[in-house]
2 protein chains.
Amino acid sequence: MKLDSIDIRILDILQQNAELQTAEIAQQVGLSTTPCWRRIQRLKEAGVITRQVALLDAQKVNVGVTVFVSVRTSTHSQEWFESFKATVQAIPEVVEFYRMSGEVDYLLRVVVPDIAAYDRVYKRLIAGTQLHDVSSSFAMEELKLTTALPLGYVG
Amino acid sequence: MKLDSIDIRILDILQQNAELQTAEIAQQVGLSTTPCWRRIQRLKEAGVITRQVALLDAQKVNVGVTVFVSVRTSTHSQEWFESFKATVQAIPEVVEFYRMSGEVDYLLRVVVPDIAAYDRVYKRLIAGTQLHDVSSSFAMEELKLTTALPLGYVG
DNA sequence: CTTGAAAATCTTCCACA
DNA sequence: TGTGGAAGATTTTCAAG
């Protein structure tokens with residue numbers, strides 16, 4: 001799908017705040033509401049906008065601690081991978097999970113209330129699947145965390 | 001702020017999909033629309049719900065490549081930190097940025113279209129600030145990535 | 001908390017330039 | 001593409017049980 005500069009501005013706005021009404025967005029991009037509404041519709045249908053969600057304050061829901069977990073494994077069978085993947089995906093404290101290139105095989109971001117809770121997640125991780133090496137790093141300070149993707153590479 | 005089990009179910013729903021109308025959410029949690037609407041309002045005012053955003057398809061906006069960047073530094077002055085922080089926060093390709101405990105001082109998640117684009121971000125990172133050691137790992141596969149926080153620790 | 005309903009606001013779509 | 005407006009939904013507020 002082709003996106004012009006107005007589409008990009010609309011996406012930029014919606015990535016910051018999806019509660020704005022169509023008329024207000026239209027005004028900000030210099031359109032009247034109908035064509036703006038049509039563009040947003042098109043962006044959703046094309047799957048550029050995948051969904052709209054509420055973001056919560058991590059402190060206020062008591063998961064203020066972020067831990068990055070690096071996993072190295074020796075087993076590389078498909079069967080093992082499927083089982084490990086399913087285990088990890090089912091843990092709600094794991095909010096990100098990647099297969100990596102380089103030294104580390106997998107990288108996870110885990111959010112928990114405290115170290116004790118992390119330890120329980122850790123035990124759940126290593127239970128069941130053979131992991132060669134698991135190393136945890138704690139985030140001391142969150143300097144930036146955004147869901148807004150950069151839009152400079154579109155088109 | 002105290003959250004009961006109905007609030008938690010409402011948050012769970014809104015974390016998945018913030019487009020649902022109040023009446024539908026009310027039905028799902030077994031309430032009529034008025035009290036459900038009031039709860040959502042309260043959750044926003046209390047700052048539990050911080051905002052509502054549109055999520056985009058990373059492939060479709062041409063930033064399908066995720067890179068994790070580990071930064072080690074020798075300079076630890078406040079002045080240096082402020083300057084580094086400002087530099088990094090201003091780079092839109094950096095979507096996450098943490099100060100870490102342990103071996104690595106900072107960890108960044110960067111999204112770009114390809115390796116060449118990453119190299120430009122990399123150069124921008126090391127320009128200006130003295131970095132002792134910068135190591136990049138590429139994500140080969142995104143196994144899980146969610147904005148939904150676990151709600152098992154509330155209350 | 002529930003129901004029911006009124007008022008204000010938005011979204012959605014139509015006809016037309 | 002764009003504009004303006006009509007029709008239909010929704011949100012938001014209120015009174016009363």
Side-chain angles (χ1 to χ4, degrees), chain A residues 1-57 60-62 146-155, chain B residues 1-57 59-62 146-149 151-155:
Chain A
M1 181 193 180
K2 262 177 38 180
L3 303 178
D4 65 17
S5 73
I6 296 185
D7 288 321
I8 292 172
R9 287 171 61 200
I10 292 174
L11 290 174
D12 224 342
I13 293 168
L14 289 176
Q15 280 199 118
Q16 293 312 130
N17 182 0
E19 284 181 298
L20 293 177
Q21 28 192 81
T22 318
E24 196 165 350
I25 298 167
Q27 200 207 326
Q28 285 190 40
V29 302
L31 243 51
S32 56
T33 90
T34 305
C36 182
W37 178 83
R38 277 199 292 246
R39 278 169 186 266
I40 296 172
Q41 235 49 24
R42 229 170 25 99
L43 291 165
K44 285 180 183 169
E45 274 155 31
V48 178
I49 297 175
T50 54
R51 53 219 200 104
Q52 235 172 73
V53 300
L55 302 182
L56 310 187
D57 183 311
K60 293 197 170 131
V61 295
N62 196 26
T146 181
T147 56
L149 302 176
L151 297 177
Y153 300 105
V154 189
Chain B
M1 183 192 178
K2 265 177 36 178
L3 304 177
D4 65 16
S5 73
I6 295 184
D7 288 321
I8 292 172
R9 287 173 60 201
I10 292 174
L11 290 174
D12 225 341
I13 293 168
L14 289 176
Q15 279 198 118
Q16 292 315 128
N17 182 0
E19 285 180 299
L20 294 177
Q21 26 192 85
T22 319
E24 195 165 351
I25 299 167
Q27 200 207 327
Q28 284 190 39
V29 301
L31 244 50
S32 58
T33 89
T34 308
C36 181
W37 180 83
R38 274 199 297 252
R39 279 170 186 265
I40 295 172
Q41 234 50 25
R42 231 170 24 99
L43 291 166
K44 286 181 183 169
E45 275 155 31
V48 178
I49 297 174
T50 55
R51 53 218 200 106
Q52 238 172 71
V53 300
L55 302 182
L56 310 187
D57 184 310
Q59 306 289 341
K60 294 197 169 132
V61 296
N62 198 25
T146 180
T147 56
L149 302 176
L151 297 176
Y153 300 104
V154 190

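When all heavy atoms are compared, the tightest approach of B:G47 to B:T50 is O-CG2, 3.7 Å. The two residues B:I10 and B:C36 come nearest to each other via the heavy atoms CD1-SG, 4.1 Å. Closest approach of B:V48 and A:K60 over heavy atoms only: N-CD, 4.1 Å.
Contacts classified as salt bridge (Lys or Arg N to Asp or Glu O under 4.0 Å) and involving residues 9-31 of chain B (residues at least two apart or in different chains) are given here: A:K44-B:E19. Listed by first and then second residue, the side-chain hydrogen bond (donor to acceptor under 3.5 Å, both in side chains) pairs that reach into residues 27-37 of chain A come to none, sequence neighbours excluded.
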Checklist entry - A:Q52 and B:V53: side-chain contact (heavy atoms from CB on, under 4.5 Å), yes or no, with the steps? => result CA-CA 6 Å; A:Q52 235 172 73; B:V53 300; over 6 Å; no
Item to check | Test log, rule side-chain contact (heavy atoms from CB on, under 4.5 Å), inputs B:L20 and B:N17 | outcome: CA-CA 6 Å; B:L20 294 177; B:N17 182 0; 3.7 Å; yes
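Contact annotation: the side chain of B:Q15 never approaches that of B:T147 to less than 4.5 Å [non-hydrogen atoms, C-beta and beyond]. Two residues are said to be in side-chain contact when any heavy atoms from C-beta on lie closer than 4.5 Å; B:I6 and B:R39 meet this criterion.
For DNA chain C, the outermost nucleotides in 5' to 3' order that have an atom under 4.0 Å from a heavy atom of chain B are C:dC1 to C:dG4. Chain B approaches DNA chain D over the interval D:dT10 to D:dC14, counting the first and last nucleotide 5' to 3' with an atom under 4.0 Å from its heavy atoms.
Residue B:L14 holds its CG atom at 8.5 Å from CG of A:L56, rounded to the nearest 0.5 Å.
Sorted by residue number, the members of residues 32-50 of chain B with any non-hydrogen atom under 4.0 Å from DNA chain C read B:S32, B:T34, B:P35, B:R38, B:R39. For the segment residues 15-31 of chain A, the set of residues with a heavy atom within less than 4.0 Å of an atom of DNA chain C comprises A:Q21, A:T22, in numerical order.
Using a distance-only test at 3.5 Å, with no hydrogens or angles considered, a donor-acceptor pair links the side chain of A:D7 to the main chain of A:D4. Under the 3.5 Å distance criterion, the side-chain polar atoms of A:R51 are left unmatched by any main-chain donor or acceptor of B:L55.
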